[in-house]
Number of protein chains: 2
Amino acid sequence: MAEIRTGDTRERILDAGERLFMAHGYEGTSMRQITSEAGVNLAAVNYHFGSKEALMQEAFRRRLDWLNEERMRVLDLMEAEADGKPLKPSQIVDGFFGTLLRMAGDEKRGGVTFLRLLGRTLTEPSEFIRAFLAHEYKEVMDRYKEALFRALPDVPKAEIVWRFHFMLGATSYAIAGTDALRLVTDWQIEDEDSTDRLDRLVPRLMSFLLGGLRAPLPQFSDTTAASN
Amino acid sequence: MAEIRTGDTRERILDAGERLFMAHGYEGTSMRQITSEAGVNLAAVNYHFGSKEALMQEAFRRRLDWLNEERMRVLDLMEAEADGKPLKPSQIVDGFFGTLLRMAGDEKRGGVTFLRLLGRTLTEPSEFIRAFLAHEYKEVMDRYKEALFRALPDVPKAEIVWRFHFMLGATSYAIAGTDALRLVTDWQIEDEDSTDRLDRLVPRLMSFLLGGLRAPLPQFSDTTAASN
DNA sequence: CTTTAATTCATACGTTCGTTTTAATCATAG
DNA sequence: CTATGATTAAAACGAACGTATGAATTAAAG
């Protein structure tokens, strides 16, 4: 005893929760759905995690910890190679968003299921989720933000922050909507099967993000200019 | 009798529902919260709308009907002036996304509250919401999609559809996140008060969207090319 | 006025929610 | 073996949910 007994009940619950939260949202998923799908007793969630909220947080933590460490690792590597010189915007965008998207192909890291969950949850109204994600994301966000400031010294910082914002939104949608938004818009991408789709999504999204990031600066109608 | 008695109870419920659905999501908002905030009896929602789902749909319809009619009107006008020639991409983007964003300044049309609700709901997991929005959006989507095809004849249609997709995501986030994503990312836009923020958001987002829309086409690693 | 339909109200229904409790089962150490 | 702690299981808890009912109230018509 006293050893960390990593029974598979925990993992089964996390897997079921991840998939159901992705499909129906946090409020729309009940503990009975989760435990039923996981094939475990109802009380198991509270025993292993303490509460439904704690389960949601743990479901994110086991994926985000790896993702953000990987993002840090990639950034460290690129900056070491750059030897003090600013990175290229394309490198930074790929380090942040490319690393995320490549998770989708790694079933061991949650695959597309987690990515869709993340995409949807970034607009999730629940207070505790937003607060949790803010804490989890703060460190890596600041690092990449700084890298972008150095890479684009002529672009006002406020503008860069906004465009990072926009890039997050486009990426979130691209992920969450791989089959959700198609329902909303009733679009159909012809000539592509589902295996192709993800491989092609990455370069498509990267082109779009970089185009937006490097777009000409906006002209405001009034006279006040944004500071740098 | 027999006249359409447009009492203010209906409107009070719609206003309260719009705000609460925006703040806490559909599943996270109860009928008791809504009726309490509206200052009406609990049974009033089922009397006036029939069900909670029907209330949600009506809350969207009263805003989306105007928005999509306005989008159609603007597109008709531009195409009439173009006299058969293709529109400029910037015109099309402004007609679709600019019209949406300008709603935020019109309190009579729901203002920022509705825009945030819409932004969040586009990723809402609930099936009936997505199905409803798909129906409401289909017509205007197809029109703008066609306009973009004509404006960008050299860009593969599949690419345009994806980029429309990305633009929707960026816009949705920009709206929903005007104070929600700031919590997630812990970013602070200095040097701007809240009245400025919205006025400047429009040109900022437009620059980004157009930069992404007109970005160089992605290079796929395999040989198969997307059709036109 | 009276009549009639529309609306509001208080209240209750049956269900489902997240959580807790208590007992049963399992695994391991001595 | 017995003893001990970890895990699973069945059952119940009170609270909150969306909805339905029937009476009270309001407003307009004749």
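Just the heavy atoms: all of them, side chains too, but no hydrogens, waters or symmetry mates, feed the values below. First the proteins, then the strands, lettered A, B, ... as listed; each starts at 1. Just so it is clear, the model here is predicted, and its values are computed rather than measured.
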Protein N or O to nucleotides 10-12 of chain D N or O, pairs below 3.5 Å:
none

| Does A:Arg71 have any side chain to side chain contact (heavy atoms under 4.5 Å, CB included) partners at least two apart in sequence or in another chain, and if so, which? | A:Leu67, A:Asn68, A:Phe96, A:Thr99, A:Leu100, A:Tyr137, A:Val140, A:Tyr144

| task | With sequence neighbours excluded, tell me which residues meet side chain to side chain contact (heavy atoms under 4.5 Å, CB included) with B:Arg143. | result | B:Met72, B:Leu75, B:Asp76, B:Glu79

Got a sec, which residues hit salt bridge (charged side-chain N to carboxylate O under 4.0 Å, His left out) with [X], two or more places apart in sequence or on another chain?
X       : answer
A:Asp65 : none
B:Glu69 : none
B:Glu27 : none
A:Arg73 : A:Glu70

| request: Please list, chain by chain and in numerical order, all residues satisfying ring-ring contact (aromatic ring centres under 6.0 Å, His included) with B:Phe97, sequence neighbours excluded. | output: B:Phe164

| request: Report the distance from atom CD1 of A:Ile13 to atom P of C:dT19, rounded to the nearest whole Å. | output: 13 Å

| request: Could you please name the option among C:dT19, D:dA20, C:dA6 that lies closest to any side-chain atom of B:Tyr47? | output: C:dA6

| message | Nearest to the side chain of A:His48, heavy atoms from C-beta on, is which of D:dT8, C:dT7, D:dG18? | response | D:dT8

| query | Which atoms form the tightest heavy-atom contact between B:Arg163 and B:Leu213, and what is the distance? | reply | NH1-O, 2.9 Å

| remark: Sorted by chain and number, sequence neighbours left out, side-chain hydrogen bond (donor to acceptor under 3.5 Å, both in side chains) with A:Arg109 holds for none

List, one per line, each side-chain donor-acceptor pair under 3.5 Å for residues 42-52 of chain B, sequence neighbours excluded.
{"unit_1": "B:Ser51", "atom_1": "OG", "unit_2": "B:Ala54", "atom_2": "N", "d": "3.2"}
{"unit_1": "B:Lys52", "atom_1": "NZ", "unit_2": "B:Tyr26", "atom_2": "O", "d": "3.0"}
{"unit_1": "B:Lys52", "atom_1": "NZ", "unit_2": "B:Thr29", "atom_2": "O", "d": "2.7"}

| When the C1' atoms of the five terminal pairs at each end define the local axes, what inter-axis angle does the helix from C:dC1-D:dG30 to C:dG30-D:dC1 show, to 10 degrees? | 0°

| said: Give the residues of residues 50-59 of chain B touching DNA chain D, defined as any heavy atom closer than 4.0 Å, sorted by residue number. | reply: B:Ser51, B:Lys52

| task | Could you tell me whether the phosphate oxygens of C:dT8, OP1 or OP2, come under 4.0 Å of any side-chain nitrogen or oxygen in B:Thr9? | result | yes

